[in-house]
Every structure is written in C-alpha cells, then in structure tokens.
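Residue numbers run from 1 in the order of the sequence given. Order of listing sets the numbers, starting from 1, for every ligand and every atom in it. Just so we're clear, the structure is a prediction, and the values are computed from it rather than from any experiment.
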Amino acid sequence: MQHLRSLFDVTSDEALQILQTAADIKRNDTLGERPAILQGYTLIQLFEKPSLRTRCSFEAAITQLGGGGLFMTCAEAGLNGRESIEDVARVVAGYADFIVLRTFSQKLIEDFAAISSVPVINGLSDERHPCQALTDLFTLQEVFGALDDLHLVFVGDGNNVSASLAILTAMLGVKFTLATPPDFQLDDSIIAEVQQRYPDAQFTATNDPVAAVKEASVVYTDVWASMGQESEQNARIKAFQGFQVNVDLMNAAPKDCKFMHDLPAKRGLEVTDEVMDGPNSIVFQQAENRMHLAKGLFVALARGNA
Ligand code: CP
Ligand code: NVA
C-alpha cells in the first residue's frame with residue numbers, strides 16, 4: 001500500500017496487519033512502553049472540513065510515536081486556487097513523511113496522491129472515510145475478541161462512513177446489513193465494485209431497520225446530514241423518521257448487542273441519549289481507538305515505503 005485514498009488501496013492481509021500493529025502498540029502503551037519508532041517523522045494535515053477526532057488523533061499518534069505534526073486548512077495551504085493541486089502536493093511531499101487530507105471531493109485526494117511521493121491518507125471525503133472503518137473493525141476485534149461470526153448493522157444514511165464499512169466488512173468477512181430510507185441507499189456502483197472484488201461478501205441492503213437489527217452483534221449509526229449537507233437537514237430529518245437508534249430499536253436487537261457511532265452525534269436525531277450513554281455503547285472506546293489505529297497505519301505506510 002502506497003497511499004490510503006480508499007479501502008480499495010489495501011489488501012485484506014494489509015488491513016489485518018494494520019489492526020494487529022495498532023493492537024500491539026496499544027497494549028505496549030498500556031504497559032508504559034512508548035518507544036519512539038517514528039522519531040523525526042513529520043505529518044502534515046490539510047483539511048477543508050471541521051474535525052475533532054481525525055485531526056487530534058493523527059497528531060497525537062505521530063507525537064506519541066516520536067514524530068511531529070503540523071495542521072493547515074486547505075485554503076491556508078493554497079488549495080483554494082492560489083496554486084495548482086499538483087504544485088501544492090509536490091511542495092508538501094517535500095516536507096512531510098505522511099499527509100492526511102480531509103476534503104469534499106474524493107478526486108482532490110486522488111489527484112494529490114498521484115503527485116505526492118509520500119503516503120497520502122484520506123481523512124474523510126464526501127465519498128469515503130477509510131480510517132474510521134479500520135478503527136471500527138479494530139474496535140470490534142477488541143470488544144469481541146475476533147471478527148468471526150459478527151454481524152454489523154448500519155442504520156442510517158448510505159454515506160461516506162457506511163460506504164467504507166461496506167468495503168472493509170466485505171474484505172474481512174464480516175456480515176454487513178445496511179438499513180436506509182429508500183432514497184438514501186449506497187450508490188449501486190460501490191455495491192457492484194464490492195461484490196465484484198469480494199464475491200463472498202455477506203452484504204444486505206434493506207429499508208427495514210427493525211428487521212435488520214434482529215440478529216445484530218452491533219448496531220451502528222451516523223449523522224443523517226453529513227458535513228456539506230447542512231441545508232438538507234430538515235428534509236433529511238423527515239426522510240429518516242423510523243431510523244433513529246433508540247431504546248425501542250435496541251430492544252429489537254439481541255440483548256448483548258453493542259452500539260457504535262463514528263461521532264460527532266446529533267443526540268436526539270439519529271441516536272438518543274439513552275443509547276449513546278447506555279451500557280452497550282462503545283462509542284468512546286471507538287473514538288479513542290482512532291489514535292491507536294492511526295499508529296498502526298503510520299507504521300504500515302512507513303514500512304511500505306521503506
Ligand atoms: N469520526 C470523525 O471523523 O470525527 P471528526 O469529524 O471529529 O474528525
Ligand atoms: N458522515 C459524516 C461523518 C463525520 C465523521 C460526515 O461526513 O459529516
């Protein structure tokens with residue numbers, strides 16, 4: 001793997017290796033061992049959209065591994081037309097060992113990576129959120145001990161997060177059900193590509209959230225209006241009625257079913273306080289794990305380019 005533009009950039013072996021490395025580094029850290037395995041490495045993050053978890057977890061990860069990080073908005077960096085994407089990419093790659101981009105356009109990340117001589121990581125685009133999905137399966141492995149026989153049920157929007165989960169669950173053999181309102185399903189093109197690359201994938205799309213969660217190991221949701229869709233918020237609130245993850249929906253799932261959310265959450269819309277703060281919620285473990293996963297990813301990318 002040279003870049004992480006989307007999860008189609010990684011093989012299943014590479015994905016499992018990232019999860020394993022993240023787990024090893026996390027375990028050593030809890031034992032008080034924090035070796036500076038990426039001493040002197042530099043991370044540059046360029047973002048077009050807001051972020052708490054992605055920005056902080058990547059910066060914490062590189063710092064704890066002995067390196068350092070620098071953040072700019074894409075506009076400050078000149079990606080607002082001040083100079084060409086290609087020229088910015090060539091310059092930033094000259095300073096950085098890793099680059100994280102958070103953009104509206106997936107194509108911007110791909111164009112940047114085509115020029116960059118150092119690994120480019122997608123820190124979220126309108127279409128994909130690969131680091132979130134890697135973190136989520138890392139968290140499931142931690143909570144359940146293994147990924148075997150798990151059934152992940154996503155209730156909500158066919159968006160960047162559910163698209164990346166669809167790819168990674170198919171790659172790693174995790175059963176995935178996506179329950180969306182009829183007009184908010186994943187693009188047929190993503191589903192077709194997943195099925196072509198992973199013919200054994202256990203993927204089901206449905207519009208019935210109650211039936212979907214019946215045999216869930218984990219119920220997952222995300223905001224109904226993603227960053228950039230704020231003007232659609234009211235229309236989406238109407239369209240997503242019946243898709244809130246609340247106590248009634250969790251009661252339709254097995255008793256020990258876990259709850260996940262990539263955050264930020266709009267409490268009272270896609271999820272209620274009772275579920276977010278309830279005993280089966282693993283959302284803050286999931287959020288912390290963004291940092292541990294970032295460490296595993298940096299190590300894999302540094303090795304891949306050694
Ligand atoms: N989950 C996630 O990507 O959070 P941020 O938008 O805060 O980075
Ligand atoms: N789907 C959400 C994820 C935020 C981490 C968004 O794109 O805004």
Between ligand 2 and the protein, find all N/O pairs closer than 3.5 Å and give the distance for each.
| residue | atom | partner | partner atom | Å |
| --- | --- | --- | --- | --- |
| ligand 2 | 1 (N) | Asn159 | ND2 | 3.4 |
| ligand 2 | 1 (N) | Asn160 | OD1 | 2.9 |
| ligand 2 | 1 (N) | Asp222 | OD2 | 2.7 |
| ligand 2 | 1 (N) | Ser226 | OG | 2.7 |
| ligand 2 | 7 (O) | Asn160 | ND2 | 2.8 |
| ligand 2 | 7 (O) | Ser226 | OG | 3.4 |
| ligand 2 | 8 (O) | Met227 | N | 2.8 |

Parallel, tilted or perpendicular: which describes the rings of Phe138 and His292, with under 30° parallel and over 60° perpendicular?
-> tilted
To the nearest 0.5 Å, how far apart are CD in Glu86 and OG in Ser116?
-> 12.0 Å
According to the interplanar angle, ranging from 0 to 90°, do the rings of Phe184 and Phe240 count as parallel (below 30°), tilted (30 to 60°) or perpendicular (above 60°)?
-> tilted
Close aromatic pair by centroid cut-off 6.0 Å: Tyr41 and Phe298 | no
Kindly tell me which protein residues have any non-hydrogen atom under 4.0 angstrom away from an atom of ligand 1, grouped by chain and ordered by number?
-> Ser51, Leu52, Arg53, Thr54, Arg102, His129, Gln132, Asp262, Leu263, Arg290
Considering only heavy atoms from C-beta outward, does the side chain of Arg267 approach that of Asp277 to under 4.5 Å?
-> yes
Taking only residues two or more places apart in sequence, or in another chain, which ones meet Glu48 in a side-chain contact (heavy atoms from CB on, under 4.5 Å)?
-> Cys74, Thr103, Phe104, Leu108
Answer with yes or no whether the side chains of Asn122 and Gln106 bring together a donor and an acceptor at under 3.5 Å.
-> yes
So, Tyr220 versus Phe259, ring centres under 6.0 angstrom or not?
-> no
So the salt bridge (Lys or Arg N to Asp or Glu O under 4.0 Å) pairs with at least one residue in residues 150-164 (sequence neighbours excluded) are Asp157-Arg236
